Amino acid sequence: MRSFRLLLALLPLFAPHRSDAQLGSLLPVPRSLQSDGTRLPVDSTLRFFITGFRNARLDRAVGRAITRLEQRIGQPVSRSVGSMPPPGAVVIDVAGAGGAVQGLDEDESYSLGVSPGGARLHAATVVGALRGLESLLQLVSGDASTFYLPGVTVSDAPRFPWRGLLVDVSRHFMSVAQLKRTLDGMSAVKLNVLHWHLTDDQGFRVESLRHPRLHTLGSDGLFYTQAQIREVVAYARDRGIRVVPEFDMPGHSTSWFVGYPQFSAQKPPIAIRREWGGADAIFDPTLEETYTFIESFIAEMVPLFPDAYWHIGGDEVEGKHWDSNARIVAWRKRHGFKDNDALQAHFIKRLSQILTKHRRRMVGWDEILHPDLPAGTVVQSWRGTQYLADAAARGYAGILSAPWYLDHIKPASDYYLADPVPLFDGLTPSQQASIMGGEACMWAEYITEESADSRMWPRLGAVAERLWSPREVTDVPDMYRRLDILAARLEGMGLRVTSHSARMLGKLAPGLDVSPIDSLLQVVQPPSFGQTINGLRLNQRHPLTRLVDAARPDPAGRWTTERFVRRLAIDASDQAARDSLALLLSGWMTLLPSIDSLAIRSPTLAEARPVSAALARVASIGREALGYLASGAPPPPEWERRVRGELDGYDRPQGTLRVAITSEVRKLVALLTKSAS
């Protein structure tokens, strides 16, 4: 078992080798990079200088960069940032501050040159300098004698101006500290929009002084004070990240009505919804008082959120709640709205007028797309890329989210190869230009602050690169190699990316040697979406502290197996790949006895047994396939039919977890047919 754990620890070493590791570690990949083989030494004598525009925001950014550099090289670096640089210094030359409120048109480009004579970072704005400083830190390398920056010339700018992450704090509340960690990670990969999903059926998370029953009755006491909101917005701005709030309406709005039921289509009493799924209550769009209330609330919130964009939700509106109210049905007919879609369009139009009055541009999910949708609205697509194309074809700006739901347990490669502007989508160049970018979504039905980092990262890095880097950057194996490095960087910054599993196992089994389960978690994953206990679906009251919550969405064992299978697909005689894969599979085959000995110690640990038994069989099939591949002899037809059927069965969850390498072993079996032909 000890030697197998060592092998798991060495998994990243199977990645392709780079002659200069740091040149190949940049994430996102810059638009242009050339290297000349020279070096700039990095030690305690290195000095930073700002020769152009300078303000407190830039000073703080340089200070953070120096702190991270010190931690990387283990030496102090001068905190005195001067303006008259000597040879060998890092020179930061910024033309201007950028927008007083960072906007969609903020210039984030930068250029970076490193030579033995020094490093020079130039940017038009402070935000551009932030992006360049991140690349500078990623380039720091070392050998046995010194740390250094490789000699490079970088010219870089983002492909899309909107590169975001939605964080849902309504289903499960996230602390300010967690949000700050997330913003730190976003800055590291050059994301620039935090979409803050602040209200839903399960909680209203913002303090309102005008309408205090919103947060006092609709939040279970878990909400952000207005001072905390300002703190988060300021923290984000310091890192070049805009904050776009979402207050979901007319659906997903139950928590609004716990304190203010008079604006609901349903009669009181109305309670916070604990289950996941459709709304229990939605806004009444027929009352003028509804719009007066909403405008009063928005007017109070606008000073807290200076961004020009404002998200109103608009998704999954269940018309049955309007249909069940005879007065609303009569009003709808009396005013000539033929159906509930038209009634919702009326509500959205009224919201747009309110937001326009407060100088905000409306963003909504793709259900708001309607012939009466006001011009200038931004449509965010969650149901599929076709909805984004439809919005663009009708003249609306758009944001893509459909392929990037992080709570859906998909591998980073799936996220990486999705693109906001699909090829052959039939859009004209001007329509394509209306697609502003995209957002990954971290919905929190089955995610808490404990597991949030591990569910977002490092896969979010794949989305960040897709939105920043040139379209042609699509090397999946290299992306995974760099995600390994990103995960380590983020852990060093305080995010809990890979350490989450050990921490969770410590809670589940204090005092027990759970290393076999830790090994198991290298090769199993949560199901695609949703969780149950003995067939019962979970709700907001469940603590989410089981093995499935300790598991990782895209475990290292899966994509290491994929690398070896890919190598064998290219060359079936690749003995190194065969031997390495055989060693991994053998280790996974032998986990079951150790898992069994733990299963009798705890019902929670017993949840590992079904998936461990399934893994043992899947790994055994893989070993058998490798044997046939090595011998060159085709397997008996009945063997192939039998194992294909077994693998189909193992695609399904085994209890609360799922074997992550089933599809890779299936590819291995398919190679036998190819080899025989």
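Here the structure is a predicted model, which means the values were calculated and not measured.
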> Going through the checks in order, is the ring pair (Phe, Tyr, Trp, His ring centres under 6.0 Å) test met by Phe204 and Phe297?
Replying inline: CA-CA 13 Å; Phe204 196 99; Phe297 174 77; 5.7 Å; yes

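A salt bridge links Asp307 and Arg242; the closest N-O separation between the charged side-chain nitrogens and carboxylate oxygens is under 4.0 Å. Using a cut-off of 4.0 Å between Lys/Arg side-chain N and Asp/Glu carboxylate O, Arg327 and Asp284 are scored as salt-bridged. Between Glu108 and Lys190 there is no salt bridge, since no side-chain nitrogen of the basic residue lies less than 4.0 Å from a carboxylate oxygen of the acidic one. With respect to the salt-bridge test (charged N to carboxylate O, under 4.0 angstrom), the residues Asp168 and Arg205 do not qualify.
When the salt bridge (charged side-chain N to carboxylate O under 4.0 Å, His left out) test is applied to Asp549, no partner is found at least two apart in sequence or on another chain.
Gln202 and Trp276 are not linked by any side-chain donor-acceptor pair at a separation below 3.5 angstrom, with hydrogens and angles left out of the test.
The distance from the CZ atom of Phe160 to the CG atom of Leu467 is 6.5 Å, given to the nearest 0.5 Å. Atom CH2 of Trp382 is separated from atom CG of Leu388 by 15.0 Å, given to the nearest 0.5 angstrom. Taken from NE2 in His370 to NZ in Lys349, the straight-line distance is 11.0 Å, to the nearest 0.5 Å. Atom CH2 in Trp162 sits 8.5 Å away from atom NE2 in His195 (nearest 0.5 Å). Distance check, rounded to the nearest 0.5 Å: CZ of Phe263 to OG of Ser253 gives 12.5 Å. Atoms CD and CD, on Gln178 and Glu450 in that order, are 9.5 Å from each other to the nearest 0.5 Å.
Annotation: cation-pi pair Arg239/Tyr235 present, NZ/CZ under 6.0 Å from the ring centroid and within 45° of its normal. Judged by the 6.0 Å distance and 45° axis criteria, Arg466 is not positioned over the aromatic ring of Tyr415.
With hydrogens and angles ignored, the 3.5 Å screen pairs no side-chain donor or acceptor of Glu439 with any backbone N or O of Ser401.
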